[in-house]
Structures are given as structure tokens and as C-alpha cells.
Amino acid sequence: MLKKHKTGIVWAIIVVTLMIAAWYVSKYHYQLMLIQGDSMTPTYHNLQLVVLDKHDREYAVGDVIAFRCDGLDCVLVKRIAEITSDNRYYVLGDNQSESVDSRDERVGYVEREDIVGYVL
């Protein structure tokens, strides 16, 4: 009976450790994200899972990023079309007829601190 109890405790410790590790990786390194909508078609499709790289990096025109959009109260995924001299980003969806992006005043230019990560 004591052996079963110890085995249960060991498994509980393993599960809790894995949960903490998963939280840490998701918070600071990599995160799964679900694409919602068709604004990035044909590159990404509605309900497609993508991985965000959350490490700090230099972004370039053509990179696909996820960023917080306060005007729409959500996180958007768009491609960088222009980088201004003051390090703000003009972003567009690949499917521009369906995309709400920097052309919309609710999105506008994206500030660096609003970028959540780079879409791998």
C-alpha cells in the first residue's frame, strides 16, 4: 500500500513539474496561437495553429508578427509592410480585401512594445 502511495506522489510531482515548465515556455519563449479569420490567407488559414517565437529580435519587412491591438481589444497576426524611422510597424494582412490592418484607424501603426512574437 505504501509503495502505491509513493508512486502516486511521484506522478503528481512529475505532472506539476511539467505544467510549470509548459507555463514557463509559453510565457517567455514559444506559444501556440490559433489563427482566426481569413485575413492571412493563403499563408495561414482560419483555425490553423501557429507557433510564436517570443524572443526579442529585430523585425524586418516581410516578417509575420502577432501583436496586441487595443483598438480592437485582441491579438492580430499580420505581415510587416513598412518600418518607420521611429521603429513603428505598418502591417498588412496577406488577404487585403478581408484584412483589418494598419489601413484601419483602430489598428494604425504597431508599436514595438505591442508585439507579442514572431510567427514561425
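Computed from a predicted structure; not experimentally measured.
No path of Ile, Leu, Val, Met, Phe, Trp and Tyr side chains, each step under 4.5 Å between heavy atoms, connects F67 with V77, placing them in separate hydrophobic clusters. There is a path of hydrophobic side-chain contacts, each under 4.5 Å, that joins V50 to V64. A single hydrophobic cluster is not seen to contain both L92 and I80; linkage of ILVMFWY side chains at heavy-atom distances under 4.5 Å, directly or through other members, places them apart. There is no path of hydrophobic side-chain contacts, each under 4.5 Å, that joins V61 to M40. A single hydrophobic cluster is seen to contain both I35 and V75, as judged by linkage of ILVMFWY side chains at heavy-atom distances under 4.5 Å, directly or through other members.
With sequence neighbours excluded, the residues forming a side-chain contact (heavy atoms from CB on, under 4.5 Å) with I14 are V10, W11, L18, listed by chain and number. Taking the salt bridge (charged side-chain N to carboxylate O under 4.0 Å, His left out) definition, one finds that D70 meets it with nothing, sequence neighbours left out. Remark: D114 pairs with no residue by the salt bridge (charged side-chain N to carboxylate O under 4.0 Å, His left out) rule, at least two apart or across chains. Evaluation of the side-chain contact (heavy atoms from CB on, under 4.5 Å) rule for R112 yields D56, E58, Y59, N87, Y89 as partners, not counting sequence neighbours. Listed by chain and residue number, Q31 satisfy the side-chain contact (heavy atoms from CB on, under 4.5 Å) test with S26 (two or more places apart in sequence, or in another chain). Residues satisfying the side-chain contact (heavy atoms from CB on, under 4.5 Å) criterion with L34, sequence neighbours excluded, are Q36, L47, L49.
Put simply, CG on L76 and CZ on R68 are 12.0 Å apart, with the number rounded to the nearest 0.5 Å.
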Using residues 95-107 as the side-chain source, report each donor-acceptor pair under 3.5 Å to any protein atom, sequence neighbours left out, with the distance given to one decimal.
| from | atom 1 | to | atom 2 | distance (Å) |
| --- | --- | --- | --- | --- |
| N95 | OD1 | S97 | OG | 3.1 |
| N95 | ND2 | D38 | O | 3.1 |
| S99 | OG | K78 | NZ | 3.1 |
| S99 | OG | G93 | N | 3.3 |
| S99 | OG | D101 | OD2 | 2.9 |
| D101 | OD1 | R103 | N | 3.2 |
| D101 | OD1 | R103 | NE | 2.8 |
| D101 | OD1 | R103 | NH2 | 3.4 |
| D101 | OD2 | G93 | N | 3.1 |
| D101 | OD2 | R103 | NH2 | 2.9 |
| S102 | OG | V91 | N | 2.8 |
| S102 | OG | V91 | O | 3.3 |
| S102 | OG | G108 | O | 2.7 |
| R103 | NH2 | Q96 | O | 2.8 |
| D104 | OD1 | R106 | N | 2.8 |
| D104 | OD1 | R106 | NE | 3.0 |
| D104 | OD2 | R106 | NE | 3.4 |
| D104 | OD2 | R106 | NH2 | 2.8 |

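Within the 3.5 Å criterion, the main-chain N or O of G62 finds a donor-acceptor partner in the side chain of R79.
Among residue pairs with one or both ends in residues 90-114, those qualifying as ring-ring contact (aromatic ring centres under 6.0 Å, His included) are Y90-Y109; sequence neighbours excluded. Sorted by first and then second residue, the ring-ring contact (aromatic ring centres under 6.0 Å, His included) pairs with a member in residues 30-51 read Y30-H55; sequence neighbours excluded. Judged as a salt bridge (Lys or Arg N to Asp or Glu O under 4.0 Å), the pairs with a partner in residues 82-91 (not counting sequence neighbours) are, in order, D86-R88, R88-E111.
Members clustered with Y28: W23, Y24, by chain and number, using a 4.5 Å side-chain heavy-atom cutoff among hydrophobic residues. Connectivity analysis of hydrophobic side chains (ILVMFWY, heavy atoms under 4.5 Å, direct or indirect) links M19 to V15.
Shown here for I65 and V119, the closest heavy-atom pair between the two residues is C-CG2, 4.1 Å.
Proximity of V116 to M33: side-chain heavy atoms (C-beta onward) are nowhere separated by under 4.5 Å.
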